Structure formats: C-alpha cells, structure tokens
There are 2 protein chains.
Amino acid sequence: MTVISDMRDTASRRERSVDRIIHILEFLHGHGEGIRVGALAKALNAPRSSTYTLVNDLTQAGLLEIASDDQRIFFGKRMYLYGLNYIRENSLAKRARLEVDRLAKETGETSEFCMLQSGRYTIMYMRPGNRPFRISSAVGLQIPIPWTASGRLLLAGKSRAEIEELIADEDLVLPDGRRIAIDDFIRAIADAQRDGYCLTKGLVDAVTQCLAAPIYGADGHVEATICLVLPVDLSEEQLGALRDRLLQSSRMLSTQ
Amino acid sequence: MTVISDMRDTASRRERSVDRIIHILEFLHGHGEGIRVGALAKALNAPRSSTYTLVNDLTQAGLLEIASDDQRIFFGKRMYLYGLNYIRENSLAKRARLEVDRLAKETGETSEFCMLQSGRYTIMYMRPGNRPFRISSAVGLQIPIPWTASGRLLLAGKSRAEIEELIADEDLVLPDGRRIAIDDFIRAIADAQRDGYCLTKGLVDAVTQCLAAPIYGADGHVEATICLVLPVDLSEEQLGALRDRLLQSSRMLSTQ
DNA sequence: GACGAGTGTCCTGTATACAAGACATTTGTC
DNA sequence: GACAAATGTCTTGTATACAGGACACTCGTC
C-alpha cells in the first residue's frame, strides 16, 4: 500500500490544503522574496484555482500579505507574531537568547545562537557586538553548513554516509569560490567533537573568524550552538579568554 | 445564500483544514503557552480525530512542536523562521527596525515599533536603552490598546462608534485596577491626532511614561507608530529634545 | 487593434479529506 | 485494583473541498 502510494504520480492528484499550505510556506521561505500567485502555482506545480483560494484565505488570516504595488505575496505580520511565540516561550530558545545578550554585552563581540532544522543551518538569534562591523542580517536565513564553525559541531556524531547525504555538493563551495574537500570537512567535524568547540578562520569572508561551542540536548547530542563572530587579528590570550567564556555559556545552556 | 450560510450552526459542520489551521494558530497565540491536543480540540470545539491529524501534520512540518515532557503542543522553530522573513523583507518593517535601533542608540532610551493587527495592539520590534530598567519582554504580545500612547495614535480618524466597537470593556481597566473613562479615551485620541504625537504617564506602571509618534501609510492613515519608553522624572527640556528627535524618525518612516 | 500571456473570479462533478466512533493504552484518584 | 478520564491510533461512509476549465479583464508588444 505504501509502496503504491509512494509510486503514484505526485504531479497531479488531489492534495489536502494542509500540505498545500506547508508547501507554499516552505517555497516562500526558500524563495526569500514575494511572488505572484500565478507564478507560485506554477512553481509548486499546483492548480491555479486552488492556489488562489488558499492564498486568499491565508492572506485574510494575515499569515501572508500582498504587496500593494506589484501584487506579490509574501509572509505577513501574523506569521511574524506567531513566530515570536516560539522564541519567547520555548525553553531552550528563551535561555539561549538571554545568554547571547549577556555574552555580547560582556565580551563586546557579536554573539549568535544557531540550530539545524531539517538539514539546514540557521542563525536563530544574534546580538551585534561593539565593533563597527558590517551587520550581517542573516538571522533566519538558511546557510550552507560547511561555511560555519557551528555547522561542524552540529554534525558531531553523524556517520560519513549521513554527512554526505546531508550536505549538498554546491554547499561545499565557499562564497569566494574555494571548495572544501569532503574529507577535510569530515575530519574537522571529528576534531570539533573531540575538542568540544570549533574555530574557523576566513571561511565566509577573509577578515572574520568564528568560534562556536555546542549546546547538548537531554539525550546527549548537539542540539544547538552558541558562537562568537570575531576579527581574525586577535592575540592568543584574547582568543583563549573568549573561548573560556564561551564554553561557560555552552555548559550553562547544556545543563537543562 | 450568504444569509443562510451565515445562519447555519457553525458548531458542527465539516470544515476545511485551512480554517482549522488558522483557528489553531490563532488560539495558540491567544493562549500564550502550550496545550495538549485533546484540550485544543475541546477549546476549538473541533473533532478530536481531525485535530490529531492536523496537529501531527503541522508538527512534522515544524510549524508546531510537542514538548517532550508533557506533550503540550506550541509554535515551532519553522514558524519562527518563516516569521523572520516578514520582518526582514517587509519594506516598512525593515526601515522601522533600522530606525528603532538608531533611535535607541542615539537617545539611550528604549525604543519600540508598534502596529495594530485585527484590532489588537502589538509591539513589533524593540531595542532596549541603556538604563538599568526591567526588560519588558512584551514583544509580539497582544496588549490592550488603551494602555498605550501608540494605541491613541493608531485609532486616529476613527469614529466614536468604531472605537467603542474595537475596544473590549475590560481593556479600559489598567494593570493597577484604575478604569479609563471612554470619553477621556476618545478625547485623548483626538488630542493625539491634532498634536501629531502622544505622551502618556504612568499608565502601565507608575515610573514610566511613553512618548509615541505616528507613521503614516501611503493613504494618509496611521499605519504604525514609533515610540520611546521613558522614566517619568525627565525635565521639560529633555522631554522636548526627545520629542523632536522622535518626530524626525516619524517623518522619515512616513515618507515612503 | 490584433494578439498572446497573464490575472482574478466563478461554476461543476467527483475523488477524497473530514467527522464519528470504536479500541487499546495510559494516567491519576479513591 | 477498580474506575473514570484521559491519550493516541485506526477504520469507514459521505458531505464537500479541490481540480479543471470557462470567462471576462488587463496588460504589454508588434
């Protein structure tokens, strides 16, 4: 039965609106900007009429909004408000947010709280430091796992096969065009697991290094990370002090 | 036809899952904390079996999460990530966020960006100031409109009937038990509209005053507000300077 | 001004998603 | 340890939500 249902052509069959909604939201998230309803239907390979009614319903509920100028639809105010509930009430997120604020204040450096969600790496919360840095507005965006120190920690404990399965080939290419060898990457994951932290230099850009520490869940696996975004030209002592402070936060958040 | 459909008993009829989903999310937002599936179904007067399948679908999609300890469901990570898209991409929200950060930095005072959504007042974004204040974590929560200076501006231009319609009776009662007379409230709205800003003292608590300025939309109505949360014991000059600075932000955000 | 491509709305038949209810477990209380 | 009140899963029939397609508009483009 499952075999048949898995095999049948998914292209054109009646679909529940729940699934349609989930697909719409996931598409918009990946797309990153507004899209007209017609184009949305085409992109999802969904019937136009159904898409129109669904989008209208979601828009009326405020989950989506239609740009008044070009009629493109995108996430709405309500979606934002609903989402805030998560970061406010979720136990780990709540504690992590406070700790990131504290860490940024004490060290003066940009601090972040990061997680993996369905194989994608995301900065969940960030507090900028005192340095006159470019403000990265990457909060909430999906970032290739190999680009980050946190990513190496989050994959700790996974087998080579799992890792290869999880990492898309193009994600191994850095913004400047360099390519990370998969063997180096897997070695870095093992190192990070052994050391209990991870430091990466000049990955996303040449002037920053990233120092990340794991946050362990109840079952002992790495549930999230907390990390510092630093300039590359720090002394060994400075870096060591920051690492000790970061590991303190890491332990604090790991112990339930 | 519409009359009949409006009149029929809404309690027990087949409902589309879109509507069920919207009701679930809206309920959770109002409820403010997790709830078991059974209780959710009862609260929404929805069939248990449908509620289970829907909640399971939404949980698998990450829009909802089930607390591992007591099986309560609440908003999930994905919902948060989707919501971040709004604040990142929405034109007004994007500009307002930057301006709030700038305002907080320049003045050293807690600054907020507020909106009305389906008759409820909400702090959309906040940046705390330098004062050792209690941090209000009311971002994203629904707050009674009469408790706030921004609320008075957001109702500008509405008729008495509309205002009475919009304000629930219990919302006129302040946290300390005092009750705002509806006539005073309506007068305050007119004053705020005339002055182009609004100052309220000791409404939510005795030691703070709130200074709010309107952000006008393309059609000339008050679309949002930007405001400062201040201690009550400021001098006239200090207050005047802050007001001028705030009105500058207000104009900046109003002009598309 | 004819044409193709797109948008948004409405109608209709039927495949199927939903509601109801049964069942096996778990949980808490006396 | 008996009982009531939950939870979570599964099956089934039928009311209806969805897909398809038609229609009337609005664009640009040649």
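Quantities reported herein were computed from a predicted structural model and do not represent experimental measurements. First the proteins, then the strands, lettered A, B, ... as listed; each starts at 1.
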Can you check whether [X] has a side-chain N or O nearer than 4.0 Å to OP1 or OP2 of [N]?
{"X": "Ser49(B)", "N": "dC18(C)", "result": "no"}
{"X": "Gln71(A)", "N": "dG8(C)", "result": "yes"}
{"X": "Arg20(B)", "N": "dA17(C)", "result": "no"}

Can you tell me the distance, in whole Å, between the [atom1] atom of [X] and the [atom2] atom of [N]?
{"X": "Asp70(A)", "N": "dG28(D)", "atom1": "CG", "atom2": "P", "answer": "12 Å"}
{"X": "Glu15(A)", "N": "dA17(C)", "atom1": "CD", "atom2": "P", "answer": "9 Å"}
{"X": "Leu44(A)", "N": "dA19(D)", "atom1": "CG", "atom2": "C1'", "answer": "15 Å"}
{"X": "Ile24(B)", "N": "dC18(C)", "atom1": "CD1", "atom2": "P", "answer": "11 Å"}
{"X": "Arg72(A)", "N": "dT7(C)", "atom1": "CZ", "atom2": "P", "answer": "10 Å"}
{"X": "Leu54(B)", "N": "dA17(D)", "atom1": "CG", "atom2": "C1'", "answer": "14 Å"}
{"X": "Asn56(B)", "N": "dC18(C)", "atom1": "CG", "atom2": "C1'", "answer": "15 Å"}

Between [Y] and [X], is there a side-chain heavy-atom distance shorter than 4.5 Å?
{"X": "Leu58(A)", "Y": "Ile73(A)", "result": "no"}
{"X": "Leu84(A)", "Y": "Val139(B)", "result": "yes"}
{"X": "Phe113(B)", "Y": "Leu253(B)", "result": "no"}

Within the structure shown, what part of the strands sits under 4.0 Å from Thr53(A) by heavy-atom distance: base, sugar-phosphate, or nothing?
nothing

Is a donor on one side and an acceptor on the other found under 3.5 Å between the side chain of [X] and the backbone of [Y]?
{"X": "Trp147(A)", "Y": "Val173(A)", "answer": "yes"}
{"X": "Thr148(B)", "Y": "Pro144(B)", "answer": "no"}
{"X": "His29(B)", "Y": "Leu25(B)", "answer": "no"}
{"X": "Glu65(A)", "Y": "Lys77(A)", "answer": "yes"}
{"X": "Arg97(A)", "Y": "Ile87(A)", "answer": "yes"}

Given [options], which nucleotide is nearest the side-chain atoms of [X]?
{"X": "Tyr52(A)", "options": "dT9(C), dC18(C), dG21(C)", "result": "dT9(C)"}
{"X": "Arg14(B)", "options": "dG21(D), dA17(C), dA20(C)", "result": "dA17(C)"}
{"X": "Ser50(B)", "options": "dC18(D), dA19(C), dT9(C)", "result": "dA19(C)"}

Roughly what angle, to 10°, lies between the helix axis at the start of the helix from dG1(C)-dC30(D) to dT27(C)-dA4(D) and the one at its end, five pairs per end?
50°

Can you find a donor-acceptor N/O pair under 3.5 angstrom joining the side chain of Arg16(B) to the base of dA17(D)?
no

Can you say whether a donor on the side chain of Arg48(A) sits under 3.5 Å from an acceptor on the base of dG8(C), or the other way round?
yes

Checking ring pair (Phe, Tyr, Trp, His ring centres under 6.0 Å) between Phe75(A) and each of Tyr80(B), Tyr82(B), Tyr86(B), which is the one that passes?
Tyr82(B)

Take Asp169(B) and Arg179(B) through the test salt bridge (Lys or Arg N to Asp or Glu O under 4.0 Å) and record every step on the way to the result.
CA-CA 10 Å; Asp169(B) 197 54; Arg179(B) 188 186 179 79; 2.7 Å; yes

When Val18(B) and Lys42(A) are each assigned the nearest nucleotide of DNA chain C, the 5'-most assignment goes to Lys42(A)

Which of residues 26-40 of chain B have a heavy atom under 4.0 Å from DNA chain C?
none

